[in-house]
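Here the structure comes first, spelled out in structure tokens, and everything after it is commentary.
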Amino acid sequence: PTDRGDMIVIKDGARTMQLAWTHLLPSTFGGTAMFNVANAMAAAGAAFAAGVGLHEIRQGLRTFTTSYYLSPGRMNLINVRGTEVFVDYCHNAPGMEVMGTFVEKYADAKAATSEWGKISRIGMVATAGDRRDQDLRDLGAAAAKFFDVIVVREDERLRGRKPGESAALIIEGAKAAQEAGGARVRQIEEVLDEVAAVRHCVARANPGDIVVLCVDNHARVVSELESITQAAQARANERGGDLDVG
């Protein structure tokens, strides 16, 4: 760390070689996604050990983004009607802790320059049914720490659970965390169908808000987000107005 930010360096014996500022790597979202800082360090170390030159490693780190086309289902950022929507596979409590920490850092950085006022955080949450009951409760409790609104859905394949059973356990964990105090969550809602839950989350969000969609079928979710964006743009064009939908 320096007063200018965090620098990734490669150490080879007595040599120390500066590689890249973490906040300049697109996959780190200004250095707020610390898990992708760790991933970048691991990739750089592996590439260097394989004999790749520093210039090529830097170029790879500086040009890799978490777009849907390069990394489907992994931190894909889509702007929908002025709302920043992240699509990710996050599906367990440890992953939610990491994701939630990112959301906190990202929201704080955004709030410092935002003209929208208060930034709400909305999370769509679910996991596979073939997990222990406590694992599902833990996921709900972890999500409750970081999101203002939690929308609980279920996967299409229930993996041995009855419809609504997995969601009920996640909600149980979230409500327990809420009642215990210290949790951020204000509202906990259930929308079992994934596409319906996506629509619900986006409809609840205002421009400037952050939405995290923890997905099962990422292709279907991204397609739905594109449809929402296109419909919004069409309505704006009919009114003769401008709408930034990215």
Side-chain angles (χ1 to χ4, degrees), residues 27-29 32-43 66 68 71-78 84-107 121-180 182-185 187-198 200-201 210-222:
S27 64
T28 72
F29 297 94
T32 58
M34 295 304 296
F35 50 88
N36 274 348
V37 172
N39 288 336
M41 293 171 66
T66 59
Y68 179 71
S71 185
R74 298 295 181 187
M75 291 296 290
N76 308 143
L77 174 59
I78 301 171
E84 290 186 292
V85 180
F86 288 91
V87 176
D88 194 86
Y89 275 131
C90 176
H91 65 280
N92 55 43
M96 184 59 69
E97 292 281 349
V98 172
M99 174 62 77
T101 300
F102 158 71
V103 170
E104 282 194 337
K105 289 178 176 290
Y106 189 75
R121 312 170 192 172
I122 301 170
M124 183 181 79
V125 183
T127 191
D130 56 352
R131 304 289 190 270
R132 299 176 303 173
D133 289 359
Q134 191 57 45
D135 292 335
L136 277 70
R137 296 188 189 98
D138 289 346
L139 174 62
K145 292 168 55 178
F146 301 106
F147 293 99
D148 299 296
V149 178
I150 297 173
V151 178
V152 182
R153 63 162 188 83
E154 287 188 336
D155 288 357
E156 189 172 4
R157 292 170 53 229
L158 298 177
R159 301 194 187 187
R161 299 272 186 183
K162 297 177 181 178
E165 184 180 355
S166 294
L169 288 166
I170 294 172
I171 291 171
E172 182 182 328
K175 287 185 174 179
Q178 185 182 40
E179 292 166 2
R184 183 182 182 92
V185 70
Q187 293 178 280
I188 303 167
E189 302 170 356
E190 178 185 293
V191 182
L192 296 183
D193 178 75
E194 184 168 43
V195 171
V198 168
H200 184 74
C201 289
I210 298 171
V211 175
V212 175
L213 303 176
C214 300
V215 300
D216 176 30
N217 189 324
H218 62 78
R220 186 164 53 195
V221 167
V222 170

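Every value quoted in this text rests on a predicted model; they were computed, and no experiment measured them.
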In plain terms, say whether Arg153 and Asp155 are close enough for a salt bridge, that is, a side-chain N and a carboxylate O under 4.0 Å apart.
yes
Is Asp148 salt-bridged to Arg184, going by a charged N under 4.0 Å from an acidic O?
yes
Do [X] and [Y] come close enough that some side-chain heavy atom pair is under 4.5 Å?
| X | Y | answer |
| --- | --- | --- |
| Asp135 | Thr127 | no |
| Glu190 | Ile171 | yes |
| Glu154 | Arg161 | no |
| Glu84 | Leu77 | yes |
| Lys105 | Met34 | yes |
| Ile170 | Arg137 | no |
| Arg131 | Ser166 | no |
| Met124 | Val212 | no |

Straight-line distance of [X] [atom1] to [Y] [atom2], nearest 0.5 Å:
| X | Y | atom1 | atom2 | value |
| --- | --- | --- | --- | --- |
| Asp138 | Gln134 | CG | CD | 4.5 Å |
| Glu97 | Leu139 | CD | CG | 10.0 Å |
| Cys90 | Met99 | SG | CE | 5.5 Å |
| Phe35 | Ser27 | CZ | OG | 9.0 Å |
| His218 | Leu213 | NE2 | CG | 13.5 Å |

Sorted by chain and residue number, the salt bridge (Lys or Arg N to Asp or Glu O under 4.0 Å) partners of Glu156 (sequence neighbours excluded) come out as Arg220
Return yes when atom CZ of Arg159 has more than 12 non-hydrogen atoms of other residues, nucleotides or ligands closer than 6.0 Å, and no otherwise.
yes
Classify the ring geometry of Phe29 against Phe86: parallel below 30°, tilted from 30° to 60°, perpendicular beyond 60°.
perpendicular
